[in-house]
Visitor: 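Below you will find the structure I want to go over with you.
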Amino acid sequence: MIVPVIYPSAGEFWLNSNSDTFLNRRLAFSDLPDKYRFTVTSKISSEVAGILGLSLPLYLTAPEDRFKRRCSSCVINSRTLPFPPESFLHISRGKYDIYIARPELCFLQAARYLDLIDLIRFGYDLCSIYSLKSSAEQSSRNSPTTIKQLKEYVLSNHSFYGASKATAALRYVRERSNSPMETKLAIFSVLPPRYGGCGISHFELNKEIALTSNGKRLVGYACIHGDLVFNRGNIVVEYNSKLYHLDPDHYTDDMNRQTALKMAGYKYIAITAGNVKTYHSLINIMNAIRAELSLPMLDEPNDARTELYFRLFK
């Protein structure tokens, strides 16, 4: 029985921390059959959601309009035109042939429903190296996709509804975010002022920085991955959360890490939970970064920036 899962359920699958262990192999994408018998019921939707570890309702696509419906366990849309080639991951589980929309198709489908800011955030999540089982449980994983793959897929399907918005969003997406807070800080930094951002765009997330021999001896390893690394000016900006960085042992590690980065020729700027707590404090940090980059200071009274701050951090 064919069960085609689309965004947002397919997006949840790719962002779920179980995805790597669930698949445990190199991915090969296939076509959704052009014609198939659609017999998905509410009970089947619940069973498939359970197999994939997804929440209800399960979002599905059907080959004809007559199957469209919405209930507590499923939302069934229809698409009579073929999907782009190789746009689904095919998983067989018992009697079910489950087709899950690939991350790049999810991004295009999301462009139909999300505004630009939320679409940018979804792009970060798809290209991140973290995942969340819940708001309190975080784990590492390989990113479901890359910016290069997203751009190539969107370009190849430029006539798909939402392609223009997807293209616009990808200008501000950076890959390899390692935490939800890194994602928020990157979005707040990279977006131009017209969207409420700080207009600081030239950085990489979790870039590998080679250490000097003395730095290696100090920290015990050969390189450091900085949260936000600005190549211009050799600046590393890192978020120090209360959960991890206030522990005495971790505090010592942080100090050694900062020293090793300075030995490697980098300036270090820390962003703490206290800095993020208020708009005024975060803008002061952003202006400190801009000063190191020889950029003009931001005006603190700014409606668009205040709105984006509360949207991301509150």
Side-chain angles (χ1 to χ4, degrees), residues 5-30 49 51-55 84-93 98-111 114 118-157 166 169-170 172-187 190 203-210 221-229 236 238-239 241 243-244:
V5 182
I6 58 171
Y7 176 85
S9 295
E12 181 186 350
F13 173 82
W14 293 112
L15 301 185
N16 192 306
S17 60
N18 290 329
S19 296
D20 280 354
T21 54
F22 185 89
L23 299 171
N24 197 28
R25 59 183 174 84
R26 186 176 178 84
L27 300 184
F29 296 106
S30 59
I51 291 170
L52 299 179
L54 302 179
S55 57
E86 299 181 352
S87 287
F88 287 83
L89 174 69
H90 179 204
I91 299 175
S92 293
R93 289 294 183 271
I98 307 170
Y99 286 80
I100 303 169
R102 66 184 294 164
E104 298 81 10
L105 175 57
C106 287
F107 189 71
L108 260 183
Q109 291 179 320
L114 302 180
D118 283 340
L119 185 60
I120 290 168
R121 184 170 359 198
F122 185 51
Y124 273 84
D125 289 339
L126 286 174
C127 296
S128 71
I129 53 175
Y130 69 86
S131 58
L132 293 179
K133 295 179 182 177
S134 69
S135 59
E137 188 175 358
Q138 182 180 325
S139 59
S140 299
R141 54 95 189 265
N142 295 321
S143 64
T145 188
T146 64
I147 293 174
K148 181 175 182 289
Q149 289 172 307
L150 286 171
K151 286 181 176 178
E152 288 176 349
Y153 190 88
V154 171
L155 182 62
S156 298
N157 299 285
L170 285 172
Y172 309 112
V173 175
R174 301 292 183 270
E175 56 196 11
R176 293 187 57 79
S177 173
N178 198 31
S179 73
M181 183 56 74
E182 282 182 25
T183 291
K184 294 174 184 178
L185 289 169
I187 293 173
V190 76
F203 63 85
E204 297 177 59
L205 293 172
N206 289 285
K207 179 186 176 181
E208 184 177 288
I209 299 171
Y221 39 84
C223 62
I224 285 175
H225 291 85
D227 291 354
L228 281 76
V229 180
V236 175
E238 296 204 315
Y239 175 68
S241 68
L243 287 176
Y244 179 90

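If you're wondering where the values come from, they're calculated on a predicted model, not measured in any experiment.
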Visitor: CG/L52 to CD1/I100 distance, rounded to the nearest 0.5 angstrom?
Guide: 4.5 Å

Visitor: Give the minimum heavy-atom separation between S30 and H90, together with the two atoms involved.
Guide: OG-CB, 3.6 Å

Visitor: By side chain to side chain donor-acceptor pair (under 3.5 Å), which residues pair with R102, not counting sequence neighbours?
Guide: E104

Visitor: If every non-hydrogen atom of S177 is compared with every non-hydrogen atom of T183, which pair is closest and at what distance?
Guide: OG-OG1, 2.8 Å

Visitor: Minimum heavy-atom separation for E12 to L54, with atom names?
Guide: OE2-CA, 3.5 Å

Visitor: How long is the gap from CE on M181 to OH on Y130, to the nearest 0.5 Å?
Guide: 10.5 Å

Visitor: Might you work through the side-chain contact (heavy atoms from CB on, under 4.5 Å) test for Q109 and L105, ending with a clear yes or no?
Guide: CA-CA 6 Å; Q109 291 179 320; L105 175 57; 4.0 Å; yes

Visitor: Hey, are the side chains of T145 and C127 touching, using non-hydrogen atoms and a 4.5 Å cut-off?
Guide: yes

Visitor: Is there a side-chain contact between L228 and Y239 (heavy atoms, below 4.5 Å)?
Guide: no

Visitor: How far does OG of S128 sit from CG of N206, to the nearest 0.5 angstrom?
Guide: 10.5 Å

Visitor: Taking side chain as C-beta onward, heavy atoms only, is L89 less than 4.5 Å from W14?
Guide: yes

Visitor: So which atom in A10 and which in C106 form the shortest heavy-atom distance, rounded to 0.1 Å?
Guide: CB-SG, 3.4 Å

Visitor: Let me see the working for E175 and E204 under side-chain contact (heavy atoms from CB on, under 4.5 Å), right down to the final yes or no.
Guide: CA-CA 8 Å; E175 56 196 11; E204 297 177 59; over 6 Å; no

Visitor: V236 vs D227, test: side-chain contact (heavy atoms from CB on, under 4.5 Å). Steps then yes/no.
Guide: CA-CA 7 Å; V236 175; D227 291 354; over 6 Å; no

Visitor: Applying ring pair (Phe, Tyr, Trp, His ring centres under 6.0 Å), run through Y153 and F29 and close with a yes or a no.
Guide: CA-CA 13 Å; Y153 190 88; F29 296 106; 9.2 Å; no

Visitor: Distance check, rounded to the nearest 0.5 Å: D125 atom CG versus S143 atom OG?
Guide: 11.5 Å

Visitor: Considering only heavy atoms from C-beta outward, does the side chain of K151 approach that of L155 to under 4.5 Å?
Guide: no

Visitor: Using a 3.5 Å distance criterion without hydrogens, assess whether the side chain of E182 forms a donor-acceptor pair with backbone atoms of N178.
Guide: yes

Visitor: Which of these passes side-chain contact (heavy atoms from CB on, under 4.5 Å) with H225: E238, K207, E208?
Guide: E208

Visitor: Mind checking whether Y99 and F88 have parallel, tilted or perpendicular rings, split at 30° and 60°?
Guide: perpendicular

Visitor: Shortest non-hydrogen contact from C223 to A210?
Guide: CB-CA, 4.3 Å

Visitor: With side-chain contact (heavy atoms from CB on, under 4.5 Å) as the criterion, how do F13 and V5 come out once you've worked through the C-alpha distance, each side chain's angles and the decisive distance to 0.1 Å?
Guide: CA-CA 10 Å; F13 173 82; V5 182; over 6 Å; no

Visitor: Looking at every non-hydrogen atom in both residues, tell me the closest pair between I120 and V173 and how far apart they are.
Guide: O-CG2, 3.8 Å

Visitor: So does Y172 get a backbone contact from the side chain of Y124, meaning a donor-acceptor N/O pair under 3.5 Å?
Guide: yes

